[in-house]
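One structure below.
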Amino acid sequence: MLEYTPEVARRTADLQERVKDFIPSVEWPIVAPLIDAINELKKTKNAVILAHNYQTPDIYHCVADFVGDSLQLAIEAGKTDADIIVQAGVHFMAETSKLLSPDKTVLIPSLEAGCSLAASITGEDVRRMKQKYPGVPVVTYVNTSADVKAESDICCTSANAVNVVEALNVDRVMLLPDVYLAKNVAALTDVEVIAWKGLCEVHERFTAEEIQRYREATPGLVVLAHPECSPDVVADADYAGSTSSMIRYVKENRPARVLMVTECSMSDNVAAETPDVEFIRPCNLCPHMKSVTLQNILESLQELRYEVTIPEEIAGDARQAVQRMVDLQVEGRDFSDGVAASVTVENRVTLGPVAGVSG
Ligand code: 13P
Ligand code: SF4
């Protein structure tokens, strides 16, 4: 049984100050022993916690060693000299870490930490797409499983998608599986984009009408959107980019009032560091991100669970696709400047009489 001792109170006092607006002081005696135990175990086991920007403030501000968007977390996973990586995020992120740090133990604290985009497509789907569009390079969003990455030429994230597509120097690409990201990329490039009908269950819910209502109710509101939102929402935003690009925008521009059209824990995390900015919060939560908690992070470190492994037969090709993206070292653009462009959208491709494929 973990106790809130005077030593725990002393060791966690700075952390409490950081999250005081998000964790009521009556809850601190329950939360602090978990935070303290995690931070002690990290030292004894030489472990790091890589946390996505959507993690709750207790994880983001009190136990994470590194926080960031999908691209930054992938880069960090390849650099760390820890023996154990605990991924405070979702499963595809942990797989990406394992691909880039194959000799390390990579743990995901929750088996519920999936992703609607990753679940929308399989390696078999990509093989069918390649048969339908022979010779067209496959760019897959990192929000995919390793078997999908293994079928890809290169990966991308929301931070670098446009530049990855353009770096291939081709007229046509497949950009899978997020149809909204594909449309938002197509709006910024002359490269023809073939998409897949996957959606993020958090970002697909936002509408341009909802954004308009927030603008009417809040004069001077600055709207930031994630490119997993529909092109209508992105076009209505003042700025659109990856989660870290949005955070950077707030820190550099200090808008008086801001609406971040994305998963809602992120506003809490940034608000803790920018008290002068007022955040308007439409609360769309990602249930997968929220399935990671202090309690299961602690259990993950204590029992080394749940270890992420990738079958050898796919790991090599998947690693190559992720590594190519990392090696490109390209960063992002503001998505809100795009001009709507049409994309071909595929889903569960049925092929004609192609050898070895039916249906
Ligand atoms: P980024 O942090 O890479 O922008 O991705 C957002 C997201 O939805 C990850 O699940
Ligand atoms: Fe997947 Fe969307 Fe959740 Fe990110 S926010 S993990 S894209 S479901």
Side-chain angles (χ1 to χ4, degrees), residues 50-56 59-60 64 66-77 87-97 108-121 139-145 148-149 155-164 175-182 184-185 196-206 224-230 233-234 237 239-250 260-267 269-270 282-292 322 325-326 330-336:
L50 305 186
H52 187 260
N53 292 325
Y54 293 161
Q55 293 295 292
T56 46
I59 296 172
Y60 185 96
F66 187 86
V67 293
D69 65 15
S70 313
L71 180 62
Q72 293 168 324
L73 294 178
I75 293 169
E76 187 61 24
Q87 197 82 37
V90 290
H91 189 256
F92 74 79
M93 294 176 177
E95 277 193 334
T96 304
S97 291
I108 182 85
S110 161
L111 292 177
E112 258 101 73
C115 168
S116 66
L117 281 170
S120 74
I121 191 163
V139 181
T140 53
Y141 201 29
V142 284
N143 300 38
T144 47
S145 58
V148 167
K149 291 184 174 77
C155 288
C156 73
T157 73
S158 59
N160 59 18
V162 183
N163 289 337
V164 167
L175 177 52
L176 317 172
D178 185 339
V179 66
Y180 284 163
L181 181 78
N184 289 323
V185 169
W196 184 258
K197 215 175 167 189
L199 285 167
C200 162
E201 67 189 82
V202 175
H203 292 96
E204 70 161 314
R205 298 212 298 270
F206 295 106
L224 313 182
H226 193 276
E228 288 170 12
C229 294
S230 75
V233 169
V234 167
Y239 176 87
S242 78
T243 54
S244 288
S245 311
M246 285 192 260
I247 294 173
R248 198 178 316 124
Y249 183 100
V250 173
M260 284 186 162
V261 189
T262 193
E263 213 272 356
C264 68
S265 287
M266 203 166 92
S267 294
N269 292 332
V270 194
C283 205
N284 284 1
L285 285 169
C286 172
H288 313 291
M289 288 281 180
K290 297 296 93 110
S291 73
V292 176
V322 178
M325 167 188 79
V326 171
V330 287
E331 259 288 340
R333 301 200 195 154
D334 178 353
F335 276 86
S336 50

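In each ligand, atom 1 is the first atom listed, and ligand 1 is the first ligand listed.
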Between [X] (side chain only) and [Y] (backbone N and O only), is there a donor and an acceptor less than 3.5 Å apart?
X	Y	result
Lys149	Thr140	no
Asn184	Pro227	yes
Gln87	Gly89	no
Asn269	Gln55	yes
Ser116	Leu199	yes
Asp178	Leu117	no
Thr96	Ala74	no

Nearest non-hydrogen protein atom, [atom]:
atom	result
atom 2 (Fe) of ligand 2	Cys200 SG, 2.3 Å
atom 6 (C) of ligand 1	His226 NE2, 3.3 Å
atom 3 (O) of ligand 1	Ser70 OG, 2.7 Å
atom 3 (Fe) of ligand 2	Cys286 SG, 2.4 Å

query: Under a 4.0 Å heavy-atom limit, does Ser116 contact ligand 2 with its side chain, its backbone, both, or neither?
result: both
query: Using heavy atoms and a threshold below 4.0 Å, how should the contact between Glu263 and ligand 2 be classified: side chain, backbone, both, or neither?
result: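 Under 4.0 Å from ligand 2, Glu263 contributes no heavy atoms.
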What are the atoms of ligand 1, with element, lying closer than 4.0 Å to any heavy atom of [X]?
X	value
Met289	10 (O)
Ser242	4 (O)
Asp69	1 (P), 2 (O), 3 (O)
Glu228	6 (C), 7 (C), 8 (O)
Asn143	9 (C), 10 (O)

- prompt: If you draw a 6.0 Å radius around NZ in Lys197, do more than 12 non-hydrogen atoms from other residues or ligands fall strictly inside?
  reply: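 For Lys197, atom NZ is not crowded (no more than 12 foreign heavy atoms under 6.0 Å).
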field: Residues Ser70 and Thr157: side-chain donor-acceptor under 3.5 angstrom
entry: no
Short side-chain donor-acceptor distance under 3.5 Å, His288 and Glu201: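 Note: Glu201 and His288 side chains meet the donor-acceptor criterion.
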query: Out of Gln72, Met93, His288, whose heavy atom is nearest to atom 9 (C) of ligand 1?
result: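 Shortest heavy-atom distance from atom 9 (C) of ligand 1: Met93.
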query: So, does Glu263 sit close enough to ligand 1 that a heavy atom of it is under 4.0 Å from the ligand?
result: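 Checking ligand 1 against Glu263, which is what was asked, there is no heavy-atom contact under 4.0 Å.
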field: Heavy-atom gap Asn53 to ligand 1 smaller than 4.0 Å
entry: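 The answer is no: ligand 1 sits nowhere under 4.0 Å from a heavy atom of Asn53.
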- prompt: Which class fits the ring pair His52 and Tyr54: parallel under 30°, tilted 30 to 60°, perpendicular over 60°?
  reply: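 Aromatic pair His52/Tyr54 classed perpendicular.
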Can you list the ligand 2 atoms lying under 4.0 Å from a non-hydrogen atom of [X]?
X	result
Tyr54	5 (S)
Glu228	2 (Fe), 7 (S)
Asn143	7 (S)
Val202	5 (S)
Leu117	7 (S)

Student check: side-chain heavy atoms of Ser97 and Leu50 closer than 4.5 Å: yes
message: Between Cys115 and atom 1 (Fe) of ligand 2, is there a contact where an N/O/S atom of the residue lies under 2.8 Å from the metal?
response: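 Looking at Cys115, which is the residue asked about, there is an N, O or S atom under 2.8 Å from atom 1 (Fe) of ligand 2.
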- request: Tell me if the SG of Cys264 lies under 2.5 Å from the SG of Cys283.
  value: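 Yes, Cys283 links to Cys264 through a disulfide.
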- prompt: For ligand 1, is any non-hydrogen atom under 4.0 Å from Val142's backbone (N, CA, C, O), its side chain (CB onward), both, or neither?
  reply: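 It is neither; nothing of Val142 touches ligand 1.
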